[in-house]
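For reference, the structure discussed in these notes is given below.
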Amino acid sequence: MQPSDEQLQLVHAAVPRQAERVAATPDLPQVPQPVARVVLDVPLAHLDRPFEYAVPAELAPAAVPGTRVKVRFAGKDVSGFVIARTDVPEHTGKLTRLRRVVSPEPVLTPAVLAAARTIADHYAGSLADVLRLAVPPRHAGAEKALDAKDAPHRQRPTVGKSVAWQRYPAGDAFLHRVATGDAPAASWLAAPTVDPVLDWPAALAEAAHAALAGDRGALIVVPDHRDLDRLEAAVVGELGDGQHVRLTAEQGPQARYTAWLKVLRGHVRCVIGTRAAAWAPVRDLGLLACWDDGDDLLAEPRSPYPQTREVLRVRAVRERAALLLGGFARSVPVQAWLESGAVRDVSTRTSPANVPRVVVAGDEREVERAGAAAHSHLPPVAWSTAHAALADGPVLVQVPRRGYLPTLRCGQCRQVARCPECHGPLGLPAPTAPATCRWCAREATPWRCPDCYATSLRAAVIGARRTAEELGRAFPGTPVIRSGAGEVLGSVGAQPRLVIATPGAEPVAETGYAATLLLDAWALLDRAALDAGEETVRRWLAAAALTRAASDGGAVVICGAAPGVTLAPVEAVARWAPATFAERELAARRELDLPPAAWMTLLTGELADLEAFAAATRHAVHDDVPLETLGPMPAPGGQPGTALLLRTSRDHADAAARAVSAARAIRSARKLPGTVTVRVEPSGAYL
């Protein structure tokens with residue numbers, strides 16, 4: 001069937017010919033590809049798209065895709081990135097010219113740009129916000145200093161024999177696929193050991209070696225600087241000096257940008273670092289690895305709040321690289337990927353003799369022997385275990401909170417004591433200090449319980465400082481050291497001592513801890529968060545993994561769990577069964593329609609703004625996409641304001657994310673007052 005003349009006229013009117021579009025912009029410079037498409041560093045949601053600028057002849061050689069430029073936008077000079085050069089503009093009017101090229105260095109690679117766009121869409125954010133996280137600020141001194149140095153000769157390492165991966169049945173197969181250019185995706189539950197040759201840093205270093213042996217790059221992300229120090233020592237031992245760079249947000253501007261440029265220019269192809277390293281522009285990327293992906297340090301605290309696990313997954317898919325997600329525990333999102341077939345398991349079964357013996361204080365037999373003392377802060381079984389272990393080495397004591405008495409309760413009715421001004425929890429920062437609000441820092445003296453009118457207070461949680469005092473009296477003559485916020489230790493020797501540490505701050509013992517005490521278990525288990533059980537298992541297993549195996553006399557005592565109740569997290573640690581726990585947790589969330597089984601977005605702000613935003617989102621989504629609103633409720637984490645949750649099935653996640661983006665754009669374009677914070681797929685701590 002031939003189109004009619006009227007139809008052809010409509011097509012011609014809707015799609016101008018290229019010659020007509022060129023004629024509409026007669027002022028284009030006479031240079032190859034005179035049009036630059038620029039992503040502006042503007043956080044407004046309705047401006048989340050490229051803008052076209054004319055490229056002056058004097059800037060044409062330097063304004064290549066990936067370079068930083070300055071342009072005029074809305075009467076101001078604005079920074080941006082050139083993402084493409086074209087011959088013909090889409091805009092039919094006059095194009096403003098580029099102001100200047102900030103640096104001729106193409107720091108935004110096509111691979112990073114594509115991943116950043118995917119992450120922005122996934123989290124309903126703007127590309128500018130993601131690029132601000134992905135590309136470090138320019139440092140001119142670093143560029144000049146590196147220009148003066150020749151690129152070092154990079155030797156391609158030969159394929160070596162793995163040692164750490166010999167304990168895992170699928171370990172050699174995984175390394176072989178990485179070395180031969182394949183792209184396996186794996187979930188790895190590391191077996192605990194105090195031998196540095198077999199521990200997780202050595203295994204990650206061997207995986208990086210396999211990628212480099214296959215003439216590809218490697219990128220490994222860990223939660224904090226202590227993990228990074230251990231990993232760096234293993235990488236240097238495996239690859240030698242000068243074969244990697246360290247990349248963290250805590251580095252100075254010059255050091256960070258220098259490391260970034262070395263990777264960008266191909267001087268090195270192995271990057272290790274914290275959350276900021278996830279975006280490193282590694283050439284020919286062959287391996288992306290993440291240790292302990294459930295750690296909240298790997299969740300970006302800035303908009304659009306991407307999780308490092310998701311960033312690495314997106315890059316692995318786009319750049320056809322191997323993905324390795326490891327830890328002593330398995331996060332529930334990784335369990336969902338495992339059950340969907342997106343990743344494969346490369347773990348091994350752990351023998352009871354190769355993990356520490358786990359004892360749960362407060363069981364029926366101990367109650368018969370010790371009575372009420374079995375449920376004390378330091379029950380008899382914990383004291384006896386520590387006393388025996390101190391004859392052979394250090395003892396680790398993990399306490400859930402730092403401080404002295406971080407949480408107080410009413411002395412009569414046991415309700416949590418709260419500030420009369422902001423309703424925040426009260427704590428005791430020091431032995432002689434008055435009760436003080438942990439949110440607004442006001443002193444709450446005198447205090448009276450609003451429920452029973454009592455005026456006495458008692459401890460709800462014993463902090464690290466108070467625990468150190470108690471243990472110092474319980475074990476006279478034994479050195480007591482603390483590791484926590486502001487004074488985190490990396491390692492301790494093999495001498496007998498008590499090490500009091502908060503979760504995540506446990507130092508590594510030279511020969512492993514002879515025993516580990518996990519105090520106040522209920523304080524972690526009773527957290528009002530979706531991931532309370534998952535986070536408890538992760539923290540406990542991380543501490544227990546620093547302990548000697550049962551065959552070497554190592555023991556772990558869990559103190560303070562609810563008496564007479566078998567809790568899934570306690571059972572998972574006692575049996576060293578993190579995989580089983582992750583399976584049960586995911587199954588429970590499927591039954592309750594909770595993340596990651598369902599897609600969810602957390603909105604915080606004033607109630608009227610939230611309701612308008614939710615209505616705009618429902619208007620933007622298709623009729624066949626069910627979008628449920630939950631709330632309103634108090635904002636999580638003691639934040640001011642109100643919260644709403646938007647929920648739909650996982651099958652409709654992409655459509656729902658686009659609808660949230662549309663609602664953000666509408667709100668931005670209309671310049672509506674107030675602030676609505678959007679967290680797509682919030683972590684369990686926010687639910």
Side-chain angles (χ1 to χ4, degrees), residues 122-123 187 189 293-296 299 305 307 309-310 313 325 327-345 347 521-522 524-541 561-562 564-603 614 617-618 621 624-634 636-637 643-657 659-660 679-687:
H122 181 88
Y123 289 98
S187 170
L189 286 174
D293 67 281
D295 195 307
D296 56 5
Y305 315 106
Q307 220 283 346
R309 174 200 316 119
E310 184 66 24
R313 186 195 67 83
L325 301 168
F328 295 115
R330 179 178 288 151
S331 66
V332 179
V334 171
Q335 179 64 32
W337 292 351
L338 183 65
E339 294 186 10
S340 70
V343 300
R344 293 291 188 90
D345 191 1
S347 308
W522 61 268
L524 291 177
L525 295 170
D526 288 353
R527 288 189 314 122
L530 176 64
D531 66 344
E534 177 186 357
E535 182 69 3
T536 298
V537 170
R538 189 188 69 79
R539 292 181 176 185
W540 284 353
L541 288 180
V565 178
T566 302
L567 299 171
V570 176
E571 183 180 354
V573 176
R575 297 185 178 183
W576 206 278
T580 302
F581 176 80
E583 292 172 4
R584 292 174 59 176
E585 187 74 6
L586 179 59
R589 296 192 192 182
R590 283 201 177 107
E591 290 181 6
L592 299 173
D593 205 18
L594 292 172
W599 179 91
M600 193 171 282
T601 292
L602 173 68
L603 310 177
T617 303
R618 285 192 294 270
V621 80
D624 59 344
V625 177
L627 192 63
E628 183 182 5
T629 302
L630 306 176
M633 64 195 76
L644 281 180
L645 289 169
L646 303 180
R647 180 171 66 181
T648 189
S649 66
R650 177 58 57 182
D651 294 338
H652 297 118
D654 292 341
V660 172
R679 284 182 180 267
V680 173
E681 296 186 350
S683 63
Y686 292 92
L687 294 175

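FYI, side chains are in, hydrogens and waters are out, and symmetry mates aren't considered; it's all heavy atoms of this structure. If you read the sequence from its start, that first residue is 1, and numbering goes on from there.
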Atom pair CG/CZ of D593 and R647 - distance to nearest 0.5 Å: 4.5 Å
Scanning both residues in full, the closest heavy-atom pair of P569 with G533 reads CG-CA, 3.8 Å
Under a 3.5 Å distance rule, please check whether Q307 uses its side chain to pair with a backbone N or O of S683 as donor and acceptor. no
Can you run down the salt bridge (charged side-chain N to carboxylate O under 4.0 Å, His left out) pairs that involve residues 328-343, sequence neighbours left out, and say none if there aren't any? R330-D345, E339-R590
Can you confirm whether L586 sits close enough to P596 that some side-chain heavy atom of one is under 4.5 Å from a side-chain heavy atom of the other? yes
Are any non-hydrogen side-chain atoms of L525 and V570 less than 4.5 angstrom apart? yes
CG on L530 to CD on E535, rounded to 0.5 Å: 12.0 Å
If the test is side chain to side chain contact (heavy atoms under 4.5 Å, CB included), which one of V680, T617, L630 qualifies with L646? T617
Would you mind reporting whether P636 and L602 have side-chain heavy atoms less than 4.5 Å apart? yes
For a quick test of reading the model, state the closest non-hydrogen atom pair linking Y305 to Y123 and the distance between them. O-CE2, 3.9 Å
S347 side chain to L189 backbone, donor-acceptor under 3.5 Å: yes
Sub-4.5 Å side-chain heavy-atom contact between E681 and W599: yes
Counting C-beta onward and ignoring hydrogens, is there a side-chain heavy-atom pair between R618 and T629 closer than 4.5 Å? yes
Where T601 and P682 come nearest, the two heavy atoms and their spacing: CA-CD, 4.4 Å
Run the side chain to side chain contact (heavy atoms under 4.5 Å, CB included) check on F581 and V573 step by step: do they pass? CA-CA 9 Å; F581 176 80; V573 176; over 6 Å; no
Tell me the side chain to side chain donor-acceptor pair (under 3.5 Å) pairs involving residues 579-589, sequence neighbours left out? E534-R589, E585-R589
When rounded to the nearest 0.5 Å, the distance separating CD of Q335 from OG of S187 is 7.5 Å
Any idea which heavy atoms bring V625 and A655 closest together, and the distance? CG2-CB, 4.1 Å
Which heavy atom of A329 sits nearest a heavy atom of P578, and at what distance? CA-CB, 4.0 Å
To the closest 0.5 Å, what do you measure between CZ (R309) and CG (D295)? 10.5 Å
Listed partners of E310 passing side chain to side chain donor-acceptor pair (under 3.5 Å), at least two apart: R313
Nearest heavy-atom pair of M600 and P595: which atoms, and what distance? CB-CG, 3.8 Å
Nearest-0.5 Å distance, CG of residue L644 to CE of residue M633: 7.0 Å
